[in-house]
Amino acid sequence: MRDLSPQGARSFLFNIKEALMSKQEEYEHSQLYRIRHSTSHIMAEAVLEKFPTAKVAIGPAIEDGFYYDFDLPRSLTPEDLTEIEARMKELICEGQAFVRQEITAQQAKELFKDQPYKLELIGGLEQGGLDEDGNPTDERIPITIYTSGHFTDLCRGPHVQNTREINPDAVKLLNVAGAYWRGDEKRPMLQRIYGTAFETKEQLDGYLWKMEEARKRDHRKLGKELDLFSQNDEVGQGLILWHPNGAMIRHEIERYWDDEHIANGYDFVYTPHIGRSNLWETSGHLGFYKENMYSPIVIEDQEYYIKPMNCPFHIQIYKSAMRSYRDLPIRYAEKGTVYRYERSGVLHGLMRVRGFTQDDAHHFCRPDQMPAEIDFILSFSLSVLRAFGFSEVSAYLSTMPQKSVGDPALWADAEQALEEALKRAGLPYELDAGGGAFYGPKIDLKIKDALGREWQLSTIQFDFNLPERFGMEYIGEDGQPHRPYMIHRALLGSMERFFGILIEHYGGAFPVWLAPKQAMLIPIADRHLDYAYELAKRFKQAGLRVSVDARAERMNAKIRDAQNAKVPYMLVIGDREMEAGQVALRRRSGENPGAMSVEEFLALAKQEIVEKI
RNA sequence: GCCGGCGUAGCUCAAUGGCAGAGCAACCGCCUUGUAAGCGGUAGGUUAUGGGUUCGAUUCCCAUCGUCGGCUCCA
């Protein structure tokens, strides 16, 4: 654990930022980074051999590998990738040296005269101010080229000395995808080949295993297999149908969410799905968010918009009465369903949809209450996330951007409150300077799932804009009107996305409290059916979700099916159990505790439900 | 939205310019079973939709819709 205490003039924030940057820099200086970057050059060499007229763009190393973008005479096929990969391995085995050379812009232009993308890059380097990715930089960058084999590339490096440092058995091309030149949708679409490289074959296999594992846990796959949710052509893209199993899980999530909110001083509100255009004009959404909103519905000559956010409604509830400083903080919570236009290409299972339910809340407080309110939101959020098995949480703190509204002094206050709350919560965080919304700074919380992948869930956003626009007030101790602070907060984000993350986190094997079916009663023969039904009734009365598998199947088949449905408890009932008034427990894990009394099983189940395991 | 791939029974997947098939699931029987699939039978299709080429299209071409991998954008 790093010492996080401030030292001298160096702020805590600075330390953290430095620590995180050095992690990135560490990678950029590693041998693995060189291997990947060099492998991408080898790939370009192989591609140019195959397509001599190809235009090359850029080919960096990235987090899990590398890519290279090409402008090619035709679309690549999977067979091309196999061929290119095979050729790459040959090139690697040739033991090509990587030779660095510094040249002038003039020489570079001559060398790459047939490569328009390179010429554009050279232009950027020549003028300065732009690095090879087109990002602004103050550095004066020398123009360097690297030659390996028959391929010379404009490149900053670094590279391996020789391809002998690359393990040909630890190199693999993964897929082809379209990518805009310089990420700009107005520029040409190039073909990007993704690949990866490691130092050893074992590491590559480990990576591929992880990819395979992620594929197996894909929420879209499990959603179908476990009958949790679906989408439907006739209903429309990005609109989710929650099936009974998924809906039961959502119900349990919401029940817990409700209980926790009530216990923590929130008031529930419910608001409509549409609102008049005036509302959205006042809120500013028609000004800055219109491209994400659906076309209006006209009712008696008035335009109504389907809501993309809940905040204007909550504000109107606040404004429905005169508020005293004594009333604050006010915390309005709503699982509010919103609709946003998303481009068809970005939709993805439950993770990115067009209609979703935010677990939304708006906090209104006095300036003096603000630090405590942030503290509260943060610790409340962490405790709820923990209940879902997410104990590894980290944060992004995003501060004032160039364009912003609100008094800079208020921004500074808010940013400080956010930062100190993070410190008190002991959360590791990263600073995204200038990354806040125009209306306020924010904290985003991200969690790590069972596969170590990070997902952003919660967001805690200050808003200096809406209270102003809506003219929100409270009467202070001095008898004068004052403007309240407003904080938006989504804890799980959206029910859809959270559910998707949860499915993948648990691999479909939900803890007992969430499992749509908690126990399956498995009678061995028909003569055990009555006893099974009697038990089922009793378990249901005790609040358990159970079924009897009464099919004319072998016990083995029933176990197999319950196992595949990831039911946590299988209760086998045969002559012995019936006689002794017992059940024989088999767990989803394969663990087989065996026969126990009905009371024992109930106590065990209740315990695990309470403990959320 | 853009580039590319894909779309065959409820699900997972075959096949071919010339009668569209399997396993699982469903349904009907038989079996009455001890910790991951008992056996037999029946039914199930305008091959996503709409055009075109062809004597003939599920197969080839075009468009639309959906979906997958990315890009861009984001809860």
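So you know, we letter chains A, B, ... as the sequences are listed, proteins then strands, and number each from 1. Computed from heavy atoms alone, side chains included, the values below leave out hydrogens, waters and symmetry copies.
- Atom P of nucleotide C6(B) and atom CG of Asn175(A) are separated by 15 Å, given to the nearest angstrom.
- Considering only side-chain N and O atoms, Gln231(A) lies nowhere under 4.0 angstrom from the phosphate OP1 or OP2 of G66(B).
- Among the atoms of the strands shown, base atoms are found under 4.0 Å from some heavy atom of Gln563(A).
- Sorted by first and then second residue, the pairs that involve residues 332-356 of chain A and meet salt bridge (Lys or Arg N to Asp or Glu O under 4.0 Å), not counting sequence neighbours, are Glu185(A)-Arg343(A), Asp258(A)-Lys335(A), Lys307(A)-Glu334(A), Glu342(A)-Arg352(A).
- Residue Phe356(A) and nucleotide A75(B) are classified as a stacked aromatic pair, their ring centres being separated by less than 5.5 Å at an interplanar angle below 30°.
- A salt bridge is defined here as a Lys NZ or Arg NE, NH1 or NH2 lying under 4.0 Å from an Asp or Glu carboxylate O, and Arg187(A) with Glu120(A) meets this definition.
- Ion pairing between Glu504(A) and Lys221(A) fails under the 4.0 Å rule for side-chain N and carboxylate O.
- Geometrically, Arg36(A) does not engage Phe66(A) in a cation-pi contact defined by less than 6.0 Å to the ring centre and at most 45° from the axis.
- Whole-Å rounding puts the Asn292(A) CG to U72(B) C1' distance at 13 Å.
- Using a 30° and 60° split on the angle between ring planes, Phe464(A) and Phe462(A) fall in the tilted class, from 30° to 60°.
- With the 3.5 Å cutoff on both pairing distances, Watson-Crick and G-U pairs in RNA chain B assemble into runs of at least 3 at B:1-7 with B:65-71, B:10-13 with B:21-24, B:26-30 with B:38-42, B:48-52 with B:60-64.
- For the P atoms, the distance from G70(B) to C60(B) is 26 Å, rounded to whole Å.
- Atom-to-atom, CE of Met555(A) to P of G38(B) comes out at 10 Å; the value is rounded to the nearest Å.
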